[in-house]
Amino acid sequence: MTFQYDVLVIGAGHAGCEAASAAARMGVRTCLMTIDMNKIAQMSCNPAVGGIAKGQIVREVDALGGMMGIVTDRCALQFRMLNRSKGPAMWSPRAQCDREKFIWTWREMLDETPNLDIWQDMATEVVVDCGSIVGVNTMLGAEFRAQCVIITAGTFLNGLMHVGRTRVQGGRMSEPASKGLTESIAAHGIRYGRMKTGTPVRIDRRSVDFSLMERQDGETDFHTFSYLSEARTMKQLPCWICYTNEKVHEVLRTGFADSPLFNGQIQSIGPRYCPSIETKLHTFPDRDQHLLFLEPEGEKTNEMYLNGFSSSLPMDVQIKALQQIPALRNVRCYRPGYAIEYDYFDPTQLRHTLESKVVRNLFFAGQVNGTTGYEEAAGQGIVAGINAALRVRNEGEFILRRDEAYIGVLIDDLVTKGVDEPYRMFTSRAEYRILLRQDDADMRLTERSFHIGLASLERYDRMLKKREKIDAIVSFSESFSVRAALINPVLEALGTTPLQRGCKLEELLGRPQLTIQNLLPHIAPFRKEIDRLCDGLSANQRNELIEAAEVRIKYKGYIFRERQMAERMQRLENIRIKGRFDYLSMNSITIEARQKLTAIQPETLAQASRIPGVSPSDINVLLVLMRH
């Protein structure tokens with residue numbers, strides 16, 4: 001046995017698993033180090049994957065050849081496509097998962113991955129030589145050496161948990177904090193800070209009166225997270241909805257004096273978009289109720305997760321408040337909610353490859369970069385793993401643009417703008433979200449990943465065949481003419497205006513009331529073409545193909561316009577300015593711009609334009625100086 005590797009990944013959360021899996025499958029010898037091998041890919045908070053914009057990230061990870069989508073499909077207890085009332089650019093898949101099955105499915109995936117070892121230990125010190133990382137030393141005295149190291153330590157770096165005035169060191173409940181690693185990294189000039197997150201109480205389902213709750217079932221259609229999955233296989237379970245009330249709020253307020261959020265015990269900043277229940281009461285004092293979701297933790301456990309009731313109030317206050325909810329009047333809990341503070345590193349010190357600008361061959365991914373969420377972590381993890389493997393192979397860099405992927409938006413926001421609170425992805429953060437839909441992540445990313453040796457040949461071939469069939473459906477709709485006399489009775493029955501004269505099928509499909517599925521029975525040549533193209537496909541594959549083609553047809557104009565906008569911006573992306581200017585000496589741009597440009601050192605003019613405090617006039621000055 002040797003402790004010498006090409007790539008060493010520290011931490012086996014969602015970022016670490018994707019990073020280690022990607023690097024190993026790209027052919028470099030990889031080791032994944034974790035404190036507890038029985039908690040690999042643990043879902044520390046809600047056992048759910050996806051959500052608004054997050055679901056798109058998981059589809060992108062899958063399109064690149066990552067594993068999160070496959071694991072989620074195998075462990076999904078309930079699936080829903082969010083934002084269906086909006087356009088397809090906003091559709092976002094989400095799945096409630098079996099927590100324990102998720103861990104062991106990931107563990108099986110990693111155990112079956114060639115070139116990958118797992119080591120149970122805690123990294124305590126980075127070893128740097130001449131400005132490059134060469135390895136780490138561990139709590140057990142092991143000396144690991146590697147060409148590249150990826151830090152994905154999640155909430156474990158100097159983790160400190162809070163329940164009221166009680167404080168316990170740890171990265172998660174009953175798991176030790178990582179000591180010494182932050183200070184060792186910081187000693188080499190890398191800036192760090194503190195952030196906070198939290199998790200709700202866990203409830204025994206046997207103590208819940210479900211007759212006083214609203215049942216929420218999932219969907220059983222063809223959608224999955226992975227482009228390779230045929231269907232979800234687990235028994236589908238319901239979630240449940242209830243509300244807080246004024247009695248609940250009165251009890252919660254009695255604990256405010258002992259709340260670590262309000263008494264000064266917690267100084268760090270928590271996630272704005274996932275606030276604790278006490279923060280909701282403080283921020284919205286006039287609200288008389290707040291929505292709660294009671295969600296299953298697994299197929300064969302009584303443990304349930306109370307989404308919306310994250311808290312760090314004293315344990316007795318949490319329980320007494322829950323008892324004021326009619327459905328939970330006899331509630332029994334497995335553990336209270338708690339807050340956790342942890343170290344993160346300023347992501348503006350990173351390149352778009354997620355390599356440190358300060359220490360060569362040192363990469364960071366996940367919550368250590370100031371993000372929140374399993375999906376954001378996985379997206380960073382696979383990019384860091386790819387780039388570490390490429391560095392070992394001396395084969396350049398893998399960078400995703402903002403018009404290529406939500407992952408590209410995420411990383412660009414981190415390294416360009418930095419964070420002042422835990423970063424969460426939303427569709428509104430992507431200026432090209434019509435191009436970044438969940439239905440076409442494979443069309444955007446699989447070919448790039450295949451050419452660097454990550455996405456499999458099976459995945460690549462499937463994508464090419466799907467693209468060919470979509471193009472054929474789109475081409476048929478553009479060329480096939482529909483006669484008014486034949487189609488008008490159908491249009492009237494479907495609640496849309498009859499035709500005055502014939503038109504192309506494409507024009508009909510542009511109407512919101514019409515879909516490929518509801519027109520197929522009435523247009524025989526179209527049905528025959530679809531049947532020909534879908535011959536040999538499963539029902540799920542057929543439905544996925546039809547949906548993707550329909551989105552292309554309905555949103556053709558919007559997609560074309562957004563692509564033009566992205567191409568215009570690409571001109572600025574191609575103008576490289578790194579190392580071209582001494583910004584502090586440039587009196588023709590604002591003082592704030594000088595300071596921000598000096599601190600971040602953007603690679604391109606487009607990146608410079610996205611830095612807060614750098615104005616369009618500052619960009620124009622740089623353009624003139626570059627003689628463009």
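Just so you know, these numbers use all the heavy atoms, side chains as well, and skip hydrogens, waters and symmetry mates. Quick caveat: nothing in here was measured; it's all calculated off a predicted structure.
The cationic atom of Arg194 (NZ for Lys, CZ for Arg) does not lie both less than 6.0 Å from the six-membered ring centre of Tyr344 and within 45° of the ring axis. Within the cation-pi definition used here (under 6.0 Å to the ring centroid, within 45° of the axis), Arg74 does not qualify as a partner of Phe102.
A donor-acceptor contact under 3.5 angstrom links the side chains of Thr138 and Asp121, judged on distance only. No hydrogens or angles considered: nothing links the side chains of Thr224 and Ser226 as a donor-acceptor pair under 3.5 Å. A donor-acceptor contact closer than 3.5 angstrom is absent between the side chains of Asn115 and Arg25. Remark: the Thr371 side chain and the Gln380 side chain contain an N/O donor-acceptor pair separated by less than 3.5 Å. Using modelled atom types, one finds no donor on one side chain facing an acceptor on the other under 3.5 Å when comparing Gln42 with Asp36. Looking at Asp618 and Ser615, their side chains do bring a donor and an acceptor atom within 3.5 Å of each other. Side-chain contact check for Asp442 and Thr446: no donor-acceptor pair (N or O, by modelled atom type) lies under 3.5 Å. Between the side chains of Gln349 and Ser356, no donor N or O sits under 3.5 Å from an acceptor N or O. Side chain to side chain, Thr348 and Asp346 meet the donor-acceptor criterion of an N or O pair below 3.5 Å. For the residue pair Arg594/Thr598, the side-chain donor-acceptor check at 3.5 Å is not satisfied.
Here the shortest heavy-atom pairing between Pro612 and Glu592 reads O-OE2, 4.3 Å. Heavy atoms only, all atoms of each residue included: Arg145 and Val136 are closest at NH1-O, 3.5 Å. The nearest pair of heavy atoms linking Leu390 to Gly396 is CB-O, 3.5 Å. The shortest non-hydrogen separation linking Ala48 to Glu375 is O-OE2, 4.0 Å. Of all heavy-atom pairs between Val419 and Gly370, the closest is CG1-O, 4.0 Å. Closest heavy-atom contact between Asp73 and Ser229: OD2-OG, 2.7 Å.
Ile151 places a side-chain heavy atom less than 4.5 Å from the side chain of Ile185. The shortest distance between side-chain heavy atoms of Arg448 and Phe398 falls below 4.5 Å. Counting heavy atoms from C-beta on, the side chains of Val28 and Arg393 come closer than 4.5 Å. Contact annotation: the side chain of Ile559 approaches that of Leu435 to within less than 4.5 Å [non-hydrogen atoms, C-beta and beyond]. Within the 4.5 Å cutoff, side-chain heavy atoms of Pro602 are placed close to those of Ile577. For the pair Tyr423/Arg429, a side-chain contact is recorded, criterion being any heavy-atom separation below 4.5 Å from C-beta on. A 4.5 Å side-chain heavy-atom check between Tyr227 and Met463 finds every atom pair outside the cut-off. Residues Cys31 and Ile118 fail the side-chain proximity criterion, which asks for heavy atoms closer than 4.5 Å.
A salt bridge links Arg272 with Glu421: the closest approach of a Lys/Arg side-chain nitrogen to an acidic carboxylate oxygen falls below 4.0 angstrom. Of the charged side-chain nitrogens involved, at least one lies within less than 4.0 Å of a carboxylate oxygen, so that Glu60 and Arg444 count as a salt-bridged pair. A salt bridge does not link Arg433 with Glu562: every distance from a Lys NZ or Arg NE/NH1/NH2 to an Asp or Glu carboxylate oxygen is 4.0 Å or more. Using a 4.0 Å cut-off between charged nitrogen and carboxylate oxygen, Asp403 and Arg563 count as a salt-bridge pair. We find that Asp440 and Arg437 are joined by a salt bridge, their nearest charged nitrogen and carboxylate oxygen being less than 4.0 Å apart. Residues Glu573 and Arg568 are not paired through a salt bridge, judged by the lack of any N-O separation under 4.0 Å between the basic side chain and the carboxylate.
At distances below 3.5 Å, at least one donor-acceptor pair connects side-chain atoms of Ser92 with backbone N or O atoms of Ala53. Proximity of a side-chain donor or acceptor of Gln607 to a complementary backbone N or O of Glu603 within less than 3.5 Å is detected. For Thr590 (side chain) and Ala593 (main-chain N/O), a donor-acceptor pair under 3.5 Å exists by modelled atom type. Checked by atom type and distance alone, the side chain of Glu125 never pairs as donor or acceptor with a backbone atom of Ser184 at under 3.5 Å. At least one donor-acceptor pair under 3.5 Å links the side chain of Tyr374 to the backbone N or O of Asn46. Distance alone, capped at 3.5 Å, is enough to place a donor-acceptor pair between the Arg459 side chain and the Asp62 backbone. Between the side chain of Glu18 and the backbone N or O of Met68, at least one donor-acceptor pair lies under 3.5 Å. A distance-only check finds no donor-acceptor pair linking the side chain of Arg191 to the backbone of Ala186 [under 3.5 Å]. A donor-acceptor distance shorter than 3.5 angstrom exists from the side chain of Ser449 to the backbone of Ala455, with no hydrogens or angles considered. A distance-only check finds a donor-acceptor pair linking the side chain of Thr155 to the backbone of Gly171 [under 3.5 Å].
The 12-atom threshold is not exceeded at CD1 of Ile591, counting heavy atoms of other residues, nucleotides or ligands nearer than 6.0 Å. Atom CZ of Arg580 has 12 or fewer heavy atoms from other residues, nucleotides or ligands within 6.0 Å. Annotation: Gln169, atom CD; neighbour count of heavy atoms from other residues, nucleotides and ligands within 6.0 Å does not exceed 12.
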Exercise. Is there a side chain to side chain donor-acceptor pair (under 3.5 Å) between Thr182 and Asp343 once you walk through the steps?
Worked result: CA-CA 7 Å; Thr182 295; Asp343 295 337; 2.9 Å; yes
For this session: Take Asp117 and Tyr5 through the test side chain to side chain donor-acceptor pair (under 3.5 Å) and record every step on the way to the result.
Result: CA-CA 10 Å; Asp117 293 342; Tyr5 289 92; 2.7 Å; yes
Problem set entry | Steps toward side chain to side chain contact (heavy atoms under 4.5 Å, CB included) verdict (Leu400, Val383) | CA-CA 9 Å; Leu400 294 172; Val383 169; 4.2 Å; yes
Exercise. Run the side chain to side chain contact (heavy atoms under 4.5 Å, CB included) check on Met626 and Leu605 step by step: do they pass?
Worked result: CA-CA 10 Å; Met626 294 289 294; Leu605 202 57; 5.6 Å; no
For this session: Please test Lys39 against Glu100 for salt bridge (charged side-chain N to carboxylate O under 4.0 Å, His left out), starting from the C-alpha separation and ending with a verdict.
Result: CA-CA 9 Å; Lys39 295 292 179 64; Glu100 293 300 316; over 6 Å; no
For this session: Evaluate side chain to side chain donor-acceptor pair (under 3.5 Å) for Asn137 paired with Glu143, printing each intermediate quantity in order.
Result: CA-CA 5 Å; Asn137 296 329; Glu143 297 181 356; 5.3 Å; no
Exercise. Given Val9 and Met33, is the side chain to side chain contact (heavy atoms under 4.5 Å, CB included) satisfied, shown in steps?
Worked result: CA-CA 6 Å; Val9 181; Met33 185 183 297; over 6 Å; no
For this session: Output, in order, the C-alpha distance, side-chain angles, deciding distance and verdict of side chain to side chain contact (heavy atoms under 4.5 Å, CB included) for Thr113 and Thr30.
Result: CA-CA 10 Å; Thr113 302; Thr30 304; over 6 Å; no
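Taking the six-membered ring where tryptophan is involved, the planes of Phe450 and Tyr460 are essentially parallel, since the angle between them stays under 30° and well short of 60°.
Asp412 pairs with exactly one of Arg401, Arg402, Arg351 by the salt bridge (Lys or Arg N to Asp or Glu O under 4.0 Å) rule, that one being Arg402.
Evaluation of the ring pair (Phe, Tyr, Trp, His ring centres under 6.0 Å) rule for Phe345 yields Phe364 as partners, not counting sequence neighbours.
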